[in-house]
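The block underneath contains the structure these notes are about, expressed in structure tokens.
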2 protein chains.
Amino acid sequence: MRTLDCDQLLSSTLSDADASELARVLKALADPVRLKLVNVIATSGEACACDFPALVGKTQATVSHHLKQLVQAGILEREQRGKWAWFRVNADHLAEICAVIC
Amino acid sequence: MRTLDCDQLLSSTLSDADASELARVLKALADPVRLKLVNVIATSGEACACDFPALVGKTQATVSHHLKQLVQAGILEREQRGKWAWFRVNADHLAEICAVIC
DNA sequence: ACATCGATTCGACGTCTGTCAATATGTAAT
DNA sequence: ATTACATATTGACAGACGTCGAATCGATGT
């Protein structure tokens with residue numbers, strides 16, 4: 001994925017490609033369940049996927065679907081530990097998104 | 001609309017209501033056409049809706065639809081001047097969104 | 001090898017979303 | 001009033017999205 005420069009949205013001209021790229025990442029974040037997942041993982045430092053269905057009140061299949069989107073968008077990082085999958089927030093990437101918007 | 005506190009996403013626990021509210025605003029931003037519109041308006045200071053269809057390559061109806069979403073999300077402000085509608089970016093609100101994420 | 005358990009993928013579903021043509025609304029000038 | 005022009009709304013449609021149950025994959029332990 002391409003890195004977006006700081007301040008693009010408000011100060012410099014956004015190309016069509018950059019607009020699509022930024023939209024893609026924002027779309028990954030723009031869902032209540034996914035925001036909850038990011039929040040739980042961020043406040044915990046790291047978290048096991050096995051706890052998420054109960055925390056967000058969704059099926060394991062649904063949670064897995066959302067986690068995949070967040071990983072593909074670069075917002076979460078996945079690590080396999082034995083049977084369990086653990087997730088951490090990629091804070092740098094979130095900061096990048098912020099930088100583009102503000 | 002409720003105001004969201006700073007740092008909620010990464011440091012403090014996000015309630016279901018806050019997650020939905022934040023998702024609503026992010027969803028308004030998470031579209032290439034709407035990002036383009038915000039970018040054009042922000043870099044111009046203010047802009048007339050009459051120019052948008054040509055700028056983003058969409059129908060007048062489609063542009064109007066997107067502008068409505070941005071205004072309802074509090075990202076844009078609309079002002080009628082004679083026949084024309086002018087738009088400005090609500091930078092404070094964008095900064096709030098950023099503050100929640102970072 | 002086999003069984004077990006966590007996680008992903010598949011298939012299906014209802015809903016939401018982006019888009020446009022057509023129509024309606026509103027504003028201004030004649 | 002009527003005309004002209006800018007914008008909003010409506011109706012319709014295709015495609016994307018969130019959700020779940022069922023099937024599958026992967027890793028562990030017996």
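Source: prediction; values computed, not measured. Chain naming here is simple, since letters A, B, ... match the order of the sequence lines and numbering starts at 1 in each.
Residue pairs meeting the side-chain hydrogen bond (donor to acceptor under 3.5 Å, both in side chains) criterion with at least one member in residues 40-57 of chain B, sequence neighbours excluded: B:Glu46-B:Arg81.
Residues A:Phe87 and A:Leu37 have side chains not in contact (no heavy-atom distance under 4.5 Å, counting atoms from C-beta outward). Residues B:Leu29 and A:Leu22 fail the side-chain proximity criterion, which asks for heavy atoms closer than 4.5 Å. A:Val38 is not listed as a side-chain neighbour of B:Leu14, based on a closest heavy-atom distance of 4.5 Å or more. Residues A:Lys27 and A:Arg24 are not in side-chain contact: their nearest non-hydrogen atoms beyond the backbone lie 4.5 Å or more apart. A:Val89 places a side-chain heavy atom less than 4.5 Å from the side chain of B:Leu10.
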Please test B:Cys102 against A:Cys98 for disulfide (SG to SG under 2.5 Å), starting from the C-alpha separation and ending with a verdict.
CA-CA 7 Å; B:Cys102 294; A:Cys98 255; 2.0 Å; yes

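Taking atom CZ on B:Arg24 and atom C1' on D:dG18, their separation rounds to 19 Å, with Å as the unit. Atom P of nucleotide C:dG6 and atom CZ of A:Arg78 are separated by 14 Å, given to the nearest angstrom. Separating the CD atom of B:Glu79 from the P atom of D:dA8 is a distance of 14 Å, rounded to the nearest angstrom. Separating the CG atom of A:Leu67 from the C1' atom of C:dT8 is a distance of 11 Å, rounded to the nearest angstrom. Computed from coordinates, the A:Phe52 CZ to C:dG6 C1' distance equals 13 Å when rounded to whole Å. Here the P atom of nucleotide D:dG26 and the CH2 atom of A:Trp84 are 18 Å apart, to the nearest Å.
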Result block: side-chain N/O donor-acceptor pairs under 3.5 angstrom for residues 54-75 of chain B, not counting sequence neighbours:
from    : atom 1 : to      : atom 2 : distance (Å)
B:His65 : NE2    : B:Gln69 : NE2    : 2.9
B:His66 : ND1    : B:Arg34 : NH1    : 2.9

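End-to-end axis angle of the helix from C:dA1-D:dT30 to C:dT30-D:dA1, from C1' rotation axes over five pairs per end: 20° (rounded to 10 degrees).
Non-hydrogen atoms lying under 4.0 Å from DNA chain D are contributed by nothing in residues 37-50 of chain A.
Summarising the geometry, atom CG belonging to A:Asp92 is positioned 11.0 Å from atom CD1 belonging to A:Ile97; distances are rounded to the nearest 0.5 Å. The structure places CD1 of A:Ile101 at 11.5 Å from CD of A:Gln8, a figure rounded to the nearest 0.5 Å.
Taking A:Arg78 as the reference, nothing meets the salt bridge (Lys or Arg N to Asp or Glu O under 4.0 Å) condition, with sequence neighbours excluded.
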Can you give me the N/O atom pairs linking the protein to nucleotides 17-27 of chain C at distances under 3.5 Å, or say none if there are none?
from   : atom 1 : to      : atom 2 : distance (Å)
C:dG18 : OP1    : B:Arg34 : NH1    : 3.4
C:dG18 : OP1    : B:Arg34 : NH2    : 2.9
C:dG18 : OP2    : B:Gln69 : NE2    : 3.2
C:dT19 : OP1    : B:Lys58 : NZ     : 3.0
C:dT19 : OP2    : B:His66 : NE2    : 2.5
C:dC20 : OP2    : B:Thr59 : N      : 3.0
C:dC20 : OP2    : B:Thr59 : OG1    : 2.9
C:dC20 : OP2    : B:Thr62 : OG1    : 2.8
C:dC20 : O5'    : B:Thr59 : OG1    : 2.9

